[in-house]
Amino acid sequence: MSIKVYYSHTPFWRAEVLRVSLFVGKVEFEDVRISRDEFIYLIKTGLLPNGKKVPFNQLPVIEVNGQIIGQTGGIARYCGKLSNLYPDDNMHAAKVDQIIDSATEITNLISPTIREKDVVKKNEARKQLTNKLLPRWFQYLENILEEEKSEWFVNNEMTIADIAIWRLLGWITSGMLDGIPKDIANNFPKLQNVYIKVHQHPKINEWMLKTYGKTI
Ligand SMILES: N[C@@H](CCC(=O)N[C@@H](CS)C(=O)NCC(=O)O)C(=O)O
């Protein structure tokens with residue numbers, strides 16, 4: 001089977017949940033990094049550099065034996081199934097899905113503030129995220145971990161849900177989002193623990209060093 005994952009050269013969660021789960025599951029894939037110009041071209045035309053059409057003029061996409069699939073959640077489940085990081089049990093699977101969908105919702109709260117050009121509006125939106133919206137979502141996730149009585153989101157084992165949240169939290173607490181403090185998740189110990197556990201996973205450590213030359 002030939003698998004290619006297409007995304008920009010960043011460790012953003014949408015792509016990393018795909019790349020990292022395949023790597024952890026020892027599933028061979030080609031990690032295709034799209035340049036800025038290629039990405040702009042794709043948004044305008046829906047075409048990858050190899051001329052193939054993507055379904056929604058967005059990234060990430062995965063190409064499997066020549067067929068291209070979009071939408072992070074769907075691709076993440078596909079990669080999770082190949083990698084044994086997505087449960088067979090329907091209820092456990094739904095529990096993973098709710099976390100992946102939450103990662104998407106949180107991203108959708110932040111993304112408009114990245115695109116906002118008006119500085120005053122941008123600062124106001126970032127304040128709202130810092131003081132209200134992000135803590136609210138972190139608390140929801142913390143509550144789920146509390147109810148699971150586990151260090152992982154689902155069934156006491158690492159799944160694509162933990163990998164997605166690890167990279168999402170890494171982004172939000174990186175300091176690269178002006179106005180959002182690096183310690184914003186400090187009051188959520190179980191969530192922090194998921195971050196640490198994924199970050200310290202030996203295969204994930206290997207991935208970071210191999211791909212980025214450091215553990216980021
Ligand atoms: N619903 C899509 C959203 C993907 C998305 O927004 N990707 C961004 C990059 S992180 C993108 O391609 N943006 C370009 C655009 O939407 O025009 C998913 O879940 O994969």
Side-chain angles (χ1 to χ4, degrees), residues 3-23 27 29-64 67-83 85-86 93-117 122 125-126 129 133-134 137 140-141 153-154 159-178 180 198 207-208 211-212 216:
I3 302 181
K4 296 179 185 178
V5 174
Y6 295 89
Y7 197 74
S8 314
H9 186 54
T10 66
F12 193 55
W13 78 269
R14 285 192 200 281
E16 288 282 273
V17 67
L18 319 175
R19 299 168 181 151
V20 171
S21 61
L22 292 173
F23 184 75
V27 179
F29 71 103
E30 195 181 324
D31 182 3
V32 184
R33 305 284 171 140
I34 298 291
S35 71
R36 195 172 156 66
D37 286 348
E38 288 168 339
F39 188 34
I40 291 167
Y41 178 74
L42 176 140
I43 292 170
K44 279 191 195 140
T45 64
L47 297 175
L48 288 166
N50 63 8
K52 293 204 168 155
K53 187 99 179 90
V54 303
F56 308 109
N57 293 31
Q58 291 178 324
L59 293 176
V61 294
I62 193 170
E63 182 179 349
V64 181
Q67 290 195 76
I68 301 194
I69 308 283
Q71 297 293 356
T72 307
I75 316 170
R77 280 185 280 281
Y78 179 78
C79 294
K81 286 173 192 170
L82 294 182
S83 312
L85 290 166
Y86 186 76
K95 287 185 174 188
V96 170
D97 293 352
Q98 72 171 349
I99 302 299
I100 300 287
D101 288 351
S102 303
T104 296
E105 283 219 34
I106 295 169
T107 304
N108 290 345
L109 292 173
I110 298 171
S111 296
T113 73
I114 295 171
R115 290 190 292 267
E116 180 60 67
K117 296 275 184 290
K122 188 184 187 100
R126 289 285 164 86
L129 280 169
L133 301 174
L134 292 175
W137 277 91
Y140 295 150
L141 295 172
F153 274 109
V154 183
T159 64
I160 54 169
D162 306 285
I163 295 173
I165 293 298
W166 161 65
R167 275 310 197 201
L168 178 75
L169 269 186
W171 174 50
I172 294 172
T173 61
S174 66
M176 69 171 70
L177 295 167
D178 290 341
I180 300 186
V198 176
W207 165 260
M208 291 188 282
T211 314
Y212 303 107
I216 49 160

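None of the values given here were measured: they were computed from a predicted structure. For ligands, and for the atoms within them, numbers begin at 1 and follow the listed sequence.
Aromatic ring pairs are classed by plane angle as parallel below 30°, tilted from 30° to 60° and perpendicular above 60°; the pair Tyr7 and Phe12 is parallel.
A donor and an acceptor atom, one from each side chain of Glu16 and Trp166, are nowhere located under 3.5 Å apart.
Remark: the backbone N or O of Thr10 is not paired with any side-chain donor or acceptor of Ser8 at under 3.5 angstrom. Within the 3.5 Å criterion, the main-chain N or O of Met176 finds a donor-acceptor partner in the side chain of Ser174.
Side-chain contact between Val64 and Tyr78 is present, with at least one heavy-atom pair separated by less than 4.5 Å.
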Inventory of protein N or O atoms under 3.5 Å from ligand 1 N or O:
unit_1   : atom_1 : unit_2 : atom_2 : d
ligand 1 : 1 (N)  : Gln71  : OE1    : 2.6
ligand 1 : 7 (N)  : Leu59  : O      : 2.7
ligand 1 : 12 (O) : Leu59  : N      : 3.0
ligand 1 : 16 (O) : Gln58  : NE2    : 3.1
ligand 1 : 19 (O) : Arg14  : NH1    : 3.0
ligand 1 : 19 (O) : Gln71  : OE1    : 3.3
ligand 1 : 19 (O) : Thr72  : N      : 3.4
ligand 1 : 19 (O) : Thr72  : OG1    : 3.3
ligand 1 : 20 (O) : Thr72  : N      : 2.9
ligand 1 : 20 (O) : Thr72  : OG1    : 2.6

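Among residues two or more places apart in sequence or in another chain, the side-chain contact (heavy atoms from CB on, under 4.5 Å) test is passed with Ala76 by Val17, Leu18, Ile160.
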